[in-house]
Enquirer: 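First the structure, then my questions, so here it is.
So that the names make sense, note that chain A is the first sequence line, chain B the second, and so on, each numbered from 1. All values derive from a computational prediction rather than experimental measurement.
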Protein chains: 2
Amino acid sequence: MASLGELERAVMDLLWASQEAATANTLRDLLAQSTRSAGGTAGHEGKDLAVTTVLTVLSRLERKGLVERERGTRPHRYQAVSSRADHTAELMHEVLGSAPDREAVLARFIGSVTATEAETLRKLLGHS
Amino acid sequence: MASLGELERAVMDLLWASQEAATANTLRDLLAQSTRSAGGTAGHEGKDLAVTTVLTVLSRLERKGLVERERGTRPHRYQAVSSRADHTAELMHEVLGSAPDREAVLARFIGSVTATEAETLRKLLGHS
DNA sequence: AGAGATTTCTACAGTGCGTAGAACACTTAC
DNA sequence: GTAAGTGTTCTACGCACTGTAGAAATCTCT
């Protein structure tokens with residue numbers, strides 16, 4: 001239960017980008033951000049979407065369990081359920097788990113990791 | 001460019017399962033295998049699919065670059081382009097690359113790895 | 001209560017996947 | 001070499017997911 005569409009992804013990116021902020025996002029916040037981050041790599045933002053479009057996407061993301069919506073306050077507040085790092089790591093585990101020969105997969109995975117990343121991993125794993 | 005449907009996945013599993021065999025699979029081989037491995041976990045196999053269905057799927061997998069087809073011999077021979085481990089590892093890299101904060105993702109990833117896997121990783125990273 | 005903002009409902013078009021028939025191409029047995 | 005199989009290509013349908021958004025309902029504030 002993973003893959004996101006392009007727009008869904010873009011919205012999640014907005015939510016993740018402002019996840020640290022104490023206040024969760026309102027729709028208006030998101031729209032403002034999306035127009036502002038037009039020059040990004042994605043090329044998808046800043047495309048002047050209808051308000052309802054974003055709302056639909058938010059609902060779908062909510063149904064998928066990626067977004068939580070506070071219905072108490074009136075302009076509802078939306079926020080990512082888990083951080084991008086958590087979410088991505090979970091996805092990686094899902095992928096890893098999809099193969100029966102996990103060890104073999106890990107071997108290949110490590111084989112093609114950058115030097116910097118290998119270093120990070122060593123630190124994270126501690127020295128045995 | 002990743003996700004596979006259920007049937008596509010099942011077909012890839014067949015191809016991967018017999019990847020070591022010197023001879024690549026013909027359609028007939030695959031059909032035979034699929035009927036045989038009916039009792040598996042998947043529950044999708046052994047469903048008495050039309051021959052053309054499997055062929056269609058093979059074509060799509062070929063278009064996606066996951067399957068290679070030898071057109072020389074007459075019953076064409078089909079085989080997975082890369083091993084399941086390679087493919088899965090590549091997917092993991094794709095997922096990892098989809099986040100800007102790769103280090104953070106790796107940290108979470110390592111955090112929720114089983115003890116055995118952690119051990120494997122340490123060995124693989126061995127020489128510093 | 002009215003105006004404006006927000007949310008829900010409904011819908012349509014495009015794409016991907018499971019599914020397979022119809023037709024075409026090739027191989028092999030006679 | 002012709003017919004019967006067997007394998008392949010073409011075409012297509014239905015369903016689910018995604019991008020997209022209008023219409024209508026609901027809420028807030030003055």
Enquirer: Grab the CD-P distance between B/E6 and D/dC15 for me, whole Å please.
Expert: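 Atom CD in B/E6 sits about 17 Å away from atom P in D/dC15.
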
Enquirer: If you only use heavy atoms from C-beta on, which nucleotide in C/dT8, D/dT8, D/dG19 is closest to the side chain of A/L55?
Expert: C/dT8

Enquirer: Could you state the CZ-C1' distance from B/R63 to D/dC10, rounded to the nearest angstrom?
Expert: 13 Å

Enquirer: Run the salt bridge (Lys or Arg N to Asp or Glu O under 4.0 Å) test against A/R84 and tell me which residues pass, sequence neighbours left out.
Expert: A/D13

Enquirer: For A/L27, which contact category applies under a 4.0 Å heavy-atom criterion: base, sugar-phosphate, or nothing?
Expert: sugar-phosphate

Enquirer: Of the nucleotides C/dT6, D/dA21, D/dT9, which one has an atom closest to the side chain of B/H76?
Expert: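 Closest nucleotide among those given: D/dT9.
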
Enquirer: Within the pair B/R28 and D/dG5, is there a side-chain N or O less than 4.0 Å away from OP1 or OP2?
Expert: no

Enquirer: Under the side-chain hydrogen bond (donor to acceptor under 3.5 Å, both in side chains) rule, collect the residues that match up with A/T120, sequence neighbours excluded.
Expert: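 By the side-chain hydrogen bond (donor to acceptor under 3.5 Å, both in side chains) rule, A/T120 matches B/E103.
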
Enquirer: How long is the line joining CZ of A/R69 and P of C/dT6, in whole Å?
Expert: 13 Å

Enquirer: Under the side-chain hydrogen bond (donor to acceptor under 3.5 Å, both in side chains) test, which residues partner A/R77, sequence neighbours left out?
Expert: none

Enquirer: Please identify each residue that fulfils side-chain hydrogen bond (donor to acceptor under 3.5 Å, both in side chains) with B/T52, with sequence neighbours left out.
Expert: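 B/T52 satisfies side-chain hydrogen bond (donor to acceptor under 3.5 Å, both in side chains) with no residue once adjacent residues are dropped.
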
Enquirer: On DNA chain D, does the nearest nucleotide to A/G72 precede the nearest nucleotide to A/G5 from the 5' side, or the other way round? Give the residue.
Expert: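 With A/G72 and A/G5 compared, the 5'-side residue is A/G5.
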
Enquirer: Atom CG of A/L66 and atom C1' of D/dT18: how far apart are they, to the nearest Å?
Expert: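 My rounded result for the distance is 14 Å.
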
Enquirer: Rounded to the Å, how far apart are A/L4 CG and D/dT18 C1'?
Expert: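 Interatomic distance, CG of A/L4 to C1' of D/dT18: 11 Å.
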
Enquirer: Looking only at non-hydrogen atoms, find the nearest pair between B/Q33 and B/S18 and report the distance.
Expert: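 Smallest interatomic distance, heavy atoms only, reads OE1-OG, 3.8 Å.
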
Enquirer: In this structure, how many angstroms lie between the C1' atom of C/dA20 and the CG atom of B/L7, rounded?
Expert: 12 Å

Enquirer: Can you pull every protein N or O that's under 3.5 Å from an N or O on nucleotides 21-28 of chain C?
Expert:
residue : atom : partner : partner atom : Å
C/dG21  : N7   : B/T52   : OG1          : 3.4

Enquirer: What does B/R9 touch in the nucleic acid at a heavy-atom separation under 4.0 angstrom: a base, only the sugar-phosphate, or nothing?
Expert: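 Contact class for B/R9: none.
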
Enquirer: Just checking, is any N or O donor in the side chain of B/S59 or B/R69 under 3.5 Å from an acceptor N or O on the other one?
Expert: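 Yes - a donor-acceptor pair under 3.5 Å links their side chains.
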
Enquirer: Does a side-chain N or O of A/Y78 approach OP1 or OP2 of C/dT7 to a distance below 4.0 Å, or not?
Expert: yes

Enquirer: Which whole-number value in Å describes the distance from A/L61 CG to C/dT7 C1'?
Expert: 16 Å

Enquirer: Any side-chain N or O of B/R77 below 4.0 angstrom from OP1/OP2 of D/dG7?
Expert: no

Enquirer: Tell me: CG of A/L30 to P of C/dA5, nearest whole Å?
Expert: 17 Å

Enquirer: Should A/R60 be listed as having a side-chain N or O under 4.0 Å from OP1 or OP2 of D/dA16?
Expert: no

Enquirer: Restricting to salt bridge (Lys or Arg N to Asp or Glu O under 4.0 Å), what partner residues turn up for A/E90, sequence neighbours left out?
Expert: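 Counting only residues at least two positions away or on another chain, A/E90 forms no salt bridge (Lys or Arg N to Asp or Glu O under 4.0 Å).
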
